[in-house]
Amino acid sequence: MIDPVLLRTSMGVVRAGLARRGLDVDVAAYEALEAERKELQGRTQALQASRNARSRAIGIAKGKGEDAAALMAEVAGLGEELRDGEARLAGLQQRINDFVLGLPNIPHASVPDGRDETGNVEVRRWGAPPVFDFAARDHVELGERLHGMDFETAAKIASARFVILSGALARMQRALIQFMLDLHTREHGYTEVYVPYMVNADSMRGTGQLPKFAADLFAIPEQGFYLIPTAEVPVTNIARDRILAAEEMPRRFVCHTPCFRSEAGSHGRDTRGMIRQHQFEKVELVQLVEPTLSYQALEELTGHAEQVLRRLELPYRVMVLCAGDMGFAAAKTYDLEAWLPSQGAYREISSCSNFEAFQARRMLARYRHRETGRPELLHTLNGSGLAVGRTLIAIMENHQNADGSIRVPPALQPYMGDMTAIAPP
RNA sequence: GGAGAGGUGGCAGAGCGGUUGAAUGCACCGGUCUUGAAAACCGGCGUAGGGCGACCUACCGAGGGUUCGAAUCCCUCCCUCUCCGCCA
């Protein structure tokens, strides 16, 4: 959520920032609502003050044993107008709130201009795409030859966009999760957490999935739950309605969860294989930091995610997303894109973002400032470290051999019983 | 699922229809004292909104209701604890 004070006092700044996202804020509509609110609030509060004063006088009179009938008659007339004003004010504030909740975050000054993914800028590149002296296969073909990847049976059991992994591939996915969790907890200073995979609407609102993106979520309406689309939601909401001590900052969490996404609006995209699924595993990094340190933290967090790719010997590049391609809540985002030989392209495998106070304001996630001792909004960040399903297919495709076997990178071997390769039966 | 007890400021914990945004303690901030610190003493110390300002308004788990007036009474929901049942 954008700071309402900024909205009221510096609408120009907000408007210019959101224009970089290609969004035209309806300033007139907002200002009309605000003007009405201001007027109605003043009037209603004056009425409340008047009622309160008289009620207090009645209390005093009765306390002295005097007759308060005249005062009570006086205040009775206020009732209807007061109730009406309060109701209208509440409705108005709701509308203003909905308007503000629907505004995305303002891009950071260092974010490049651009309206879609063609405006993203490459920051750096690591490793070189492999050159094969045979006809390279895609992960679907490799998976089938290994008897380890079955989309048809998954579709029978559930629907399209699900997969069944078995044998060595299922094991490799589990190994990847273990490897990532160990790397981030042992070397990068994260605390592992286990969290609910279903959350309530407040949590979804806190991180920004609701109210705007309900269509992207799987919901269980009977109980009022939503399946998490990323561990970001439960993990970041740990800080909701809390005031952390300055000494407990920064907090760094790493969390493995399945992620559930309806993928509404992406029909026909990435229909083949495991690239885009309704359910996938992800290891997520989340940081809660003091505001002055959040951009430094973003660089560090991105580096932590990159380490996974390097140790798995997967060529990748780092992109800074342009203003028009960033997610709703982000102020700045780096995408890590791993090379996928079957597509001859780099594909997103991690997204690392600084949300500044955007999520914290929605969640009322605060910390006690070291000097002032006052509660202040903290900054939230997160990044995939990494998307496990996509990491699996990147390994399969980049480390494949002519016979259809897959080389297990040395970093992963301890997690695979020291296997150096997995081969078709 | 059944029975009972609760949810109040950063924390603990009073208040149970009337000048209560809320006693008290701890924590925190400022001051006196001290070489410095501690202790003691004095003062301050919730969040949000409105107003140039004096000040006003809202908030005691959430939402409704009763009342001139609700932290206090009533209803619904959520959560916590104890006992019983069930269960991995």
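Quick caveat: nothing in here was measured; it's all calculated off a predicted structure. Residue numbers begin at 1 in each chain, while the letters A, B, ... track the order of the sequences.
In this structure, A:F225 atom CZ and B:rC78 atom C1' are separated by 11 Å, rounded to whole Å. Between the CG atom of A:N200 and the P atom of B:rA62 there is a distance of 15 Å, rounded to whole Å. Distance, A:L82 CG to B:rU67 C1': 13 Å, rounded to whole Å. Whole-Å rounding puts the A:L244 CG to B:rC28 P distance at 18 Å. Nucleotide B:rC78 holds its P atom 19 Å from the CG atom of A:D241, rounded to whole Å. Going from atom CD1 of A:I58 over to atom C1' of B:rG17 covers 13 Å, rounded to whole Å. A:E376 has its CD atom 11 Å from the P atom of B:rU47, to the nearest Å.
Residue order along RNA chain B, read from the 5' end via each residue's closest nucleotide, puts A:S55 first among A:S55 and A:V75. Residue whose closest nucleotide on RNA chain B sits further toward the 5' end, between A:I60 and A:M72: A:I60.
Rounded to the nearest Å, the gap between the P atom of B:rG36 and that of B:rG44 is 26 Å. Comparing the C1' positions of B:rA27 and B:rG9 gives an interatomic distance of 12 Å, to the nearest angstrom. Comparing the C1' positions of B:rC26 and B:rC33 gives a spacing of 23 Å, expressed to the nearest Å. Separating the P atom of B:rA71 from that of B:rA22 is a span of 12 Å, rounded to the nearest Å. Distance noted for atom P between B:rG46 and B:rG30: 16 Å (whole Å). Look at the P atom in both B:rG69 and B:rG85: the space between them is 49 Å, to the nearest Å. Atom name C1', nucleotides B:rG18 and B:rU67: the rounded distance is 12 Å, in whole Å. The same atom, P, is picked in B:rG7 and in B:rC74; the two are 14 Å apart, to the nearest Å.
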The contact string for nucleotides 48-58 of chain B, one letter per nucleotide 5' to 3', using protein heavy atoms under 4.0 Å with B, S and - for base, sugar-phosphate only and none, comes out as -BSS----BBS
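In this structure B:rA22 sits in no base pair that meets the Watson-Crick or G-U test at under 3.5 Å. Partner assigned to B:rG1 is B:rC84, using Watson-Crick or G-U wobble distances below 3.5 angstrom. Here B:rC59 sits opposite B:rG46 as a Watson-Crick or G-U wobble pair (both hydrogen-bonding atom distances under 3.5 Å). The partner of B:rA27 cannot be assigned: no Watson-Crick or G-U wobble pair with both contacts below 3.5 Å exists in any strand. The partner of B:rC52, taking Watson-Crick or G-U wobble pairs whose two distances both stay under 3.5 Å, does not exist in any strand shown. The nucleotide B:rC33 finds no pairing partner, because no Watson-Crick or G-U wobble arrangement with both distances shorter than 3.5 Å includes it.
Nearest approach of A:F218 to A:F260, heavy atoms of both residues: CD1-CB, 3.8 Å. Nearest heavy atom pair, residue A:P425 against residue A:H147, reads CG-CD2, 3.0 Å.
Among the atoms of the strands shown, only primed sugar atoms or phosphate atoms (P, OP1, OP2) are found under 4.0 Å from some heavy atom of A:I243.
Screening A:L103, A:N97, A:L101, A:I96 against A:F99 for a side chain to side chain contact (heavy atoms under 4.5 Å, CB included) leaves a single residue, A:L103.
Residue-environment remark: CZ (A:R95) stays at or below the threshold of 12 foreign heavy atoms within 6.0 Å. Heavy atoms from other residues, nucleotides or ligands lying under 6.0 Å from CZ of A:R115 number 12 at most.
The pair A:E192-A:R186 fails the salt-bridge criterion, with no side-chain N (NZ, NE, NH1 or NH2) lying under 4.0 Å from an Asp/Glu carboxylate O.
The backbone N or O of A:S203 lies less than 3.5 Å from a partner atom in the side chain of A:N237, making a donor-acceptor pair.
Checked against the 6.0 Å centroid criterion, the rings of A:F328 and A:F213 qualify as a close aromatic pair.
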